[in-house]
Asks: 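The structure that follows is given in the form of structure tokens.
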Amino acid sequence: MSWSGAEPELIVEARGLTKRFGDFEAVRGIDVAVRRGESFGFLGPNGAGKTSTMRMISAVSRPTAGELTIFGLDPRTEGPRIRAGLGVVPQEDTLELELSVRWNLEMFGRYFDLPRAEIRQRTAELLEFVQLSDRANSRVDDLSGGMRRRLTIARALINQPQLLILDEPTTGLDPQARHLLWDRLYRLKREGVTLIITTHYMDEAEQLCDRLVVMDHGAIVAHGTPRELIDQHSTREVVELRFGEEGVEPTPARLASFAQRVEVLPDRTLLYVDDGDEALRDVHGDGLTPLSALVRRSSLEDVFLRLTGRTLVE
Amino acid sequence: MTSGLLDQAPRAGWARWRRSWWYHATVYAQTWRGSVAGAILFPFLFLLAMGVGVGHLVTAHVGQVDGESYLDFLAPGLLATTAMQLGEGESLWPVLGALKWVRTYHAAVATPLEPEDVLAGKLSWVTTRGVATGVIYTVIIGLFGALHSWWALTLPLIGGLVTLAFAAPLVAWASGVESDGAFVVFYRFGTVPMFLFSATFYPLDAYPGYLRPVVQLAPLYHGVALARAAASGHGATPALLAHGAVLAALALVGITVGRRRMRRRLVD
Ligand SMILES: Nc1ncnc2c1ncn2[C@@H]1O[C@H](COP(=O)(O)OP(=O)(O)OP(=O)(O)O)[C@@H](O)[C@H]1O
Ligand SMILES: [Mg+2]
């Protein structure tokens, strides 16, 4: 054992973590600390560097620069030992397509050198959990995309990992399967498992993550609890306006007088305000007649748009 | 909660290698579409048609080939050729597929396995098949009465060596490419000529002098020569050592380059 005493509080600790592919810097010196038992999220637009980061934290991809420890161990020298305690749901499924659902689970158990009896028992339990028991003998090739995703999730749990790394785990899942997974993740968390998640679903991030970071262009642009991020980077309320055909909508500059910030999306315009009803009254008072208008509370989605967004008028 | 991660002492590399070997073996066992009967029937029919049938003609018109009957001459070459094809067939598309399309090697390195373990498991499994095929062929060749020395017992090992000598460099190649475009070219202009012109069907001295060095460049030539010597018990030791060394060198270069490329590919 390289160290003794209590297990470390920091399950993952990264300082200046960098990944370069040739000349391209996909991850630009990020600092991350994930505590034992917490559920930590990575958000960010396509190409932000989330998967590159997850692969480094999975002790697979080698950091180009910076420091990284997982379970307090150095992945460059202790990779096999670290990975023995990890469960990984990669963004893209990596299942053996020509073989059966059951075989895929059992073989993975063998990779972890688990006893056969334990593999059999866990396989049955996990098939039950992802509701694939009746498809246990089907070829993976014959499963639907969502079923394969569920199998990948089950596979990541075969070794009862202490740290579960999920890269867009719910992409392709139907709502029921998604809620089942959330439920399972809560349970794992209660049992002390640490979770690291990326997702493009902001509701999911809000539900699941104790803390999260928003990445853009390889760097962390914000971090905090979902609540903190919303308080820091958005207003209390949002007015969503739809103006129908193009050309009819008012210029952002005109709307800017009613709001702290205006966000023009292809299908709607968002006004960031403290009091939504009041702002809406102002809009109508100015002679504007949106097709529809909705007042709601700010969400992570708004934070995300703000931090990584496209059209932005203050 | 589960027992602590830190209770799980790291296992030696060979234990991970064994798991990777087992993985490849069970995938093969589960997906194999052929039959044992077919695997035995082919060499049997080939030796019947070419060794016995054509052999009659050769004996009638030419007499002995390199001091042997044509059947004795041909049979060990069949073993080496089959070993080569085995090494090739397992190494190009299956490896690129596992790296790029189905990505099962990426799944493997998300477990305690290292890229080197994946490579070792792959190559040792293919070599195992080479040896097993060598056993089957040796028995069949023996049934045809074409074995004349106790050295023939080494034929399965020669089969394994030939398989590895092809598999290792080809796996290394496949681990470094992004598309399978060149694989077909390799088959058409590499494998097929090598199969036909490695002194498998007629001896080296049937070639004009200026072509002989070219034939000798073909890796398969060395496998055929080695197998032939084992079956007959004749052969000059230095030449045999040289043949063996060529094959071993190919395997070694393949493994060395393959380890580097597999690692770069999987952990980028
Ligand atoms: N193996 C690689 N070689 C070269 N470039 C790469 C490689 N992997 C990723 N990249 C680049 O690094 C950047 C970050 O990719 P990454 O997959 O980490 O993004 P992401 O945040 O996971 O995006 P997404 O939401 O689309 O999954 C992208 O520009 C991508 O093209
Ligand atoms: Mg990604």
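We use all heavy atoms of the structure for the numbers below, so side chains are in, but hydrogens, waters and symmetry mates are not. So you know, we letter chains A, B, ... as the sequences are listed, proteins then strands, and number each from 1.
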Asks: Report which part of Ala108(B) has an atom under 4.5 Å of a heavy atom belonging to chain A: side chain, backbone, both, or neither.
Replies: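 Contact with chain A: backbone and side chain both.
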Asks: Please state whether the side chain, the backbone, both or neither of Ile165(A) comes within less than 4.5 Å of a heavy atom of chain B.
Replies: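 Neither part; nothing is under 4.5 Å.
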Asks: Below 4.5 Å, heavy-atom pairs only: which of Arg62(A), Met56(A), Arg110(A) has the largest tally toward chain B?
Replies: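 Sorted descending by pairs with chain B, the first entry is Arg110(A).
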Asks: Is the side chain of Thr200(B) donor-acceptor paired with the backbone N or O of Leu196(B) at a distance under 3.5 Å, no angle test?
Replies: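 Checking the backbone N and O of Leu196(B) against the side chain of Thr200(B), no donor-acceptor pair under 3.5 Å is found.
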Asks: For chain A, which of Leu266(B), Val27(B), Asp117(B) has the most heavy-atom pairs under 4.5 Å?
Replies: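 Among the listed options, the one with the most contacts to chain A is Val27(B).
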Asks: Between Arg184(A) and Glu125(A), is there a salt bridge with N-O shorter than 4.0 Å?
Replies: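 Salt bridge present between Glu125(A) and Arg184(A).
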Asks: When heavy-atom pairs shorter than 4.5 Å are enumerated against chain B, which of Tyr111(A), Trp103(A), Phe112(A) gives the highest number?
Replies: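 If we count pairs closer than 4.5 Å to chain B, Tyr111(A) comes out on top.
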Asks: Against Thr51(A), only a single residue in Gln91(A), Glu92(A), Glu168(A) fulfils side-chain hydrogen bond (donor to acceptor under 3.5 Å, both in side chains); can you say which?
Replies: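 When Gln91(A), Glu92(A), Glu168(A) are each tested with Thr51(A), the side-chain hydrogen bond (donor to acceptor under 3.5 Å, both in side chains) holds only for Gln91(A).
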Asks: Applying the side-chain hydrogen bond (donor to acceptor under 3.5 Å, both in side chains) test to Arg149(A), which of Thr170(A), Thr171(A), Asp93(A) qualifies?
Replies: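 That would be Asp93(A); it is the only one of Thr170(A), Thr171(A), Asp93(A) passing the side-chain hydrogen bond (donor to acceptor under 3.5 Å, both in side chains) with Arg149(A).
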Asks: Check each atom of Arg139(A) against the heavy atoms of chain B and say whether the ones under 4.5 Å are side chain, backbone, both or neither.
Replies: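 For Arg139(A), the contact with chain B is made by the side chain alone.
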Asks: Between Asp142(A) and Arg135(A), is there a salt bridge with N-O shorter than 4.0 Å?
Replies: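 Between Asp142(A) and Arg135(A) there is no salt bridge, as every charged N stays at least 4.0 Å from the carboxylate O atoms.
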